[in-house]
Amino acid sequence: MPELPEVETVARQLDQTLPGRRVGGLLVVDAKLAQLEALAPRLAGTVLGPVRRSGKRVVLSLWEAGGSPRGWLAVHLRMTGRLLDMDREAPDPAHLRLRLWLEPGRLDFTDTRRFGTVEWLTDPATLRPPGLDPLEAACTAAALAGLAAGSRAPLKAWLLDQSRITGLGNIYACEILHACGLSPHRPAGRLRLEDWALLRREMRRILRLAIRHCGTTFRDFQDSRGVEGSFAGFLQVYGQTGGACRRCGGTVIRETQSQRGSWWCPGCQS
DNA sequence: ACGCAGACCTGTACGC
DNA sequence: TGCGTACAGGTCTGCG
């Protein structure tokens with residue numbers, strides 16, 4: 001489900017409401033997360049600190065009452081995961097997988113498809129994702145061109161590879177390529193520097209715009225308050241099979257590429 | 001280095 | 001209404 005803008009939305013919201021709240025306990029509901037049971041003693045009594053996005057993960061920091069970090073909980077929401085900031089007395093949400101009891105309130109992790117993961121990290125070096133974050137200053141046209149040098153991978157698949165750029169998913173990869181007029185089939189290694197400059201610019205513009213609208217809810221996404229994102233109305237090609245391209249009037253098509261749907265307009269993307 | 005199939009899961013939309 | 005099929009925002013493993 002969530003890509004960079006959705007994860008950023010959740011992280012920013014939780015960063016407004018979680019820091020300073022004490023962790024009272026841990027409830028593991030899903031047997032797939034049973035390995036977290038052992039964490040309960042280490043979490044109890046900690047205080048939540050800043051919440052950040054790392055790639056597509058939401059990272060909660062847990063601090064000793066004294067003032068040094070005890071560790072980080074890195075949550076990957078995958079397709080249908082949600083982190084919901086709930087009142088203590090609220091009824092259980094559907095598909096509850098994990099709960100952090102807080103003072104006050106509680107943080108519920110729900111996940112319909114159960115693909116989501118939760119990791120306990122104690123080494124700060126493991127907090128950073130392997131790839132370049134599209135919104136960081138280090139993500140320059142030259143850096144992108146350097147990463148892609150020699151690659152024959154189709155641009156769409158290249159953008160989805162999290163080891164190079166971290167944060168893009170299917171929706172935003174399709175939207176960015178359309179905004180740039182680049183075909184998803186173009187070999188990544190054959191782009192010119194000016195293509196990367198355009199791609200970098202559009203990538204940042206679209207991601208920032210989506211963050212401003214709290215992400216895209218095409219199906220499942222909800223933020224930490226259970227509210228849907230409003231960027232869906234801005235989508236130009238994703239999910240628009242047979243629709244008219246808003247730029248050239250051509251017809252948006254869907255095809256399967258690297259096992260994923262690719263939506264694009266052959267009229268203006270080449 | 002790359003594509004591809006299959007796996008992990010559950011829910012929904014659609015055609016018959 | 002009911003049943004089968006395809007598809008879903010992610011990522012991993014194994015194979016060719």
Side-chain angles (χ1 to χ4, degrees), chain A residues 1-11 29-35 53-58 74-83 93-98 109-119 129-131 134 146-178 184-190 203 206-207 209-211 213-223 227-242 253-264:
Chain A
M1 161 188 36
E3 308 178 33
L4 186 153
E6 292 75 34
V7 180
E8 182 74 28
T9 295
V10 172
V29 179
D30 186 349
K32 287 182 80 175
L33 301 175
Q35 80 284 356
R53 175 183 66 81
S54 168
K56 289 181 187 170
R57 298 179 304 175
V58 177
V75 181
H76 199 307
L77 303 171
R78 297 289 179 104
M79 302 286 267
T80 53
R82 295 175 186 170
L83 283 171
H95 310 294
L96 178 66
R97 304 300 174 200
L98 186 74
F109 173 54
T110 72
D111 188 6
T112 310
R113 291 176 71 177
R114 302 172 67 205
F115 290 166
T117 58
V118 180
E119 283 178 289
L147 285 173
S151 171
R152 279 165 296 142
L155 194 47
K156 165 81 181 314
W158 193 90
L159 291 174
L160 291 181
D161 183 339
Q162 304 294 301
S163 68
R164 296 181 278 219
I165 306 178
T166 315
L168 298 183
N170 211 23
I171 291 181
Y172 296 103
C174 290
E175 293 298 311
I176 291 164
L177 289 173
H178 178 260
H185 298 291
R186 283 271 284 267
R190 290 237 277 277
M203 179 161 73
I206 289 171
L207 293 174
L209 187 63
I211 290 169
H213 292 272
C214 297
T216 305
T217 301
F218 197 77
R219 253 185 201 86
D220 297 307
F221 176 68
Q222 290 183 359
D223 67 17
V227 176
E228 302 190 336
S230 59
F231 191 70
F234 292 82
L235 297 176
Q236 304 289 305
V237 286
Y238 183 87
Q240 316 289 311
T241 313
I253 62 167
R254 179 199 185 277
E255 50 182 34
T256 299
Q257 190 183 12
S258 309
Q259 314 280 93
R260 318 285 302 275
S262 273
W263 284 266
W264 64 295

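Labels below follow one simple rule: chain letters A, B, ... track the order of the sequence lines, proteins then strands, and each chain is numbered from 1. Keep in mind that this is a model prediction, so the values were computed, not measured.
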- Task: With heavy atoms under 4.0 Å as the rule, sort Thr117(A) into base, sugar-phosphate or nothing.
- Result: nothing
- Query: Applying the side chain to side chain contact (heavy atoms under 4.5 Å, CB included) test to Phe221(A), which of Thr80(A), Val227(A), Val10(A) qualifies?
  - Reply: Val10(A)
- Message: Just the rounded figure in Å: distance from P of dG3(B) to CG of Asp161(A).
- Response: 10 Å
For nucleotides 6-8 of chain C, print each protein N/O atom paired with a nucleotide N/O atom at under 3.5 Å, atom names and distance only.
| unit_1 | atom_1 | unit_2 | atom_2 | d |
| --- | --- | --- | --- | --- |
| dA8(C) | OP1 | Arg254(A) | NH2 | 2.9 |
| dA8(C) | OP2 | Arg254(A) | NH2 | 3.3 |
| dA8(C) | N3 | Arg113(A) | NH1 | 3.1 |

- Answer yes or no as to whether dC9(B) has its base stacked against Phe115(A), where stacking requires a ring-centre separation under 5.5 angstrom and planes under 30 degrees apart. no
- Query: What distance do Ile211(A) atom CD1 and Glu6(A) atom CD have between them, rounded to the nearest 0.5 Å?
  - Reply: 9.0 Å
- Note on the structure: note: Arg152(A), atom CZ; dC4(B), atom P; distance rounded to Å ~ 14 Å
- Query: Quantified in whole Å, what is the C1' atom distance between nucleotide dC8(B) and nucleotide dC3(C)?
  - Reply: 25 Å
- Query: Under 4.0 Å: is that the gap between some side-chain N or O of Thr112(A) and OP1 or OP2 of dC9(B)?
  - Reply: no
- Can you tell me if Lys56(A) uses its side chain to pair, donor with acceptor, with the backbone of Leu168(A) under 3.5 Å? yes
- Taking atom P of dC9(B) as reference, at what distance in whole Å does atom CZ of Phe109(A) sit? 13 Å
- Task: Output yes when a side-chain donor or acceptor of Ser230(A) lies under 3.5 Å from a complementary backbone atom of His213(A), and no otherwise.
- Result: yes
- Message: Looking at His76(A), I'd like to know whether one of its side-chain N or O atoms comes within less than 4.0 Å of OP1 or OP2 on dT11(C).
- Response: yes
- In whole angstrom, what separates Leu168(A)'s CG from dG10(C)'s C1'? 13 Å
- Query: Checking His76(A) side chain against Arg78(A) main chain: does a donor-acceptor pair fall under 3.5 Å?
  - Reply: yes
- Message: Assess the residue pair Trp263(A) and Glu175(A) against the criterion (side chain to side chain donor-acceptor pair (under 3.5 Å)); give the C-alpha distance rounded to whole Å, side-chain angles, the decisive distance to 0.1 Å, and a yes or no.
- Response: CA-CA 8 Å; Trp263(A) 284 266; Glu175(A) 293 298 311; over 6 Å; no
- Message: Using OP1 and OP2 only, check whether a side-chain N or O of His95(A) sits under 4.0 Å from dC9(B).
- Response: no
- Message: In whole Å, I'd like the distance from the CH2 atom of Trp158(A) to the P atom of dA1(B).
- Response: 14 Å
- Query: Can you tell me if the side-chain N/O atoms of Lys56(A) get under 4.0 Å from OP1 or OP2 in dG10(C)?
  - Reply: yes
- Rounded distance in Å - CZ (Arg190(A)) to C1' (dA1(B)): 15 Å
- Hey, is the main chain of Ile253(A) close enough, under 3.5 Å, to the side chain of Thr241(A) for a donor-acceptor pair? no
- For dG14(C), what is the paired nucleotide under Watson-Crick or G-U wobble rules, both distances under 3.5 Å? dC4(B)
- Query: Tell me: CD of Gln257(A) to C1' of dG3(B), nearest whole Å?
  - Reply: 11 Å
- Taking the same atom, P, in dT5(C) and in dG6(B), what whole-Å distance lies between them? 15 Å
- Give a yes/no answer on whether the side chain of Arg114(A) brings an N or O atom under 4.0 Å of OP1 or OP2 in dT10(B). yes
- Residue-phosphate contact under 4.0 Å: Gln162(A) side-chain N/O, dT11(C) OP1/OP2: yes
- Message: Checking base pairs now: Watson-Crick or wobble, both atom distances under 3.5 Å. What partners dC9(B)?
- Response: none
- Message: Rounded to whole Å, how long is the line connecting atom CG of Asp111(A) with atom P of dC9(B)?
- Response: 11 Å
- Message: Given Trp264(A), which partner from the list Glu255(A), Gln236(A), His178(A) fulfils the side-chain hydrogen bond (donor to acceptor under 3.5 Å, both in side chains) test?
- Response: Glu255(A)
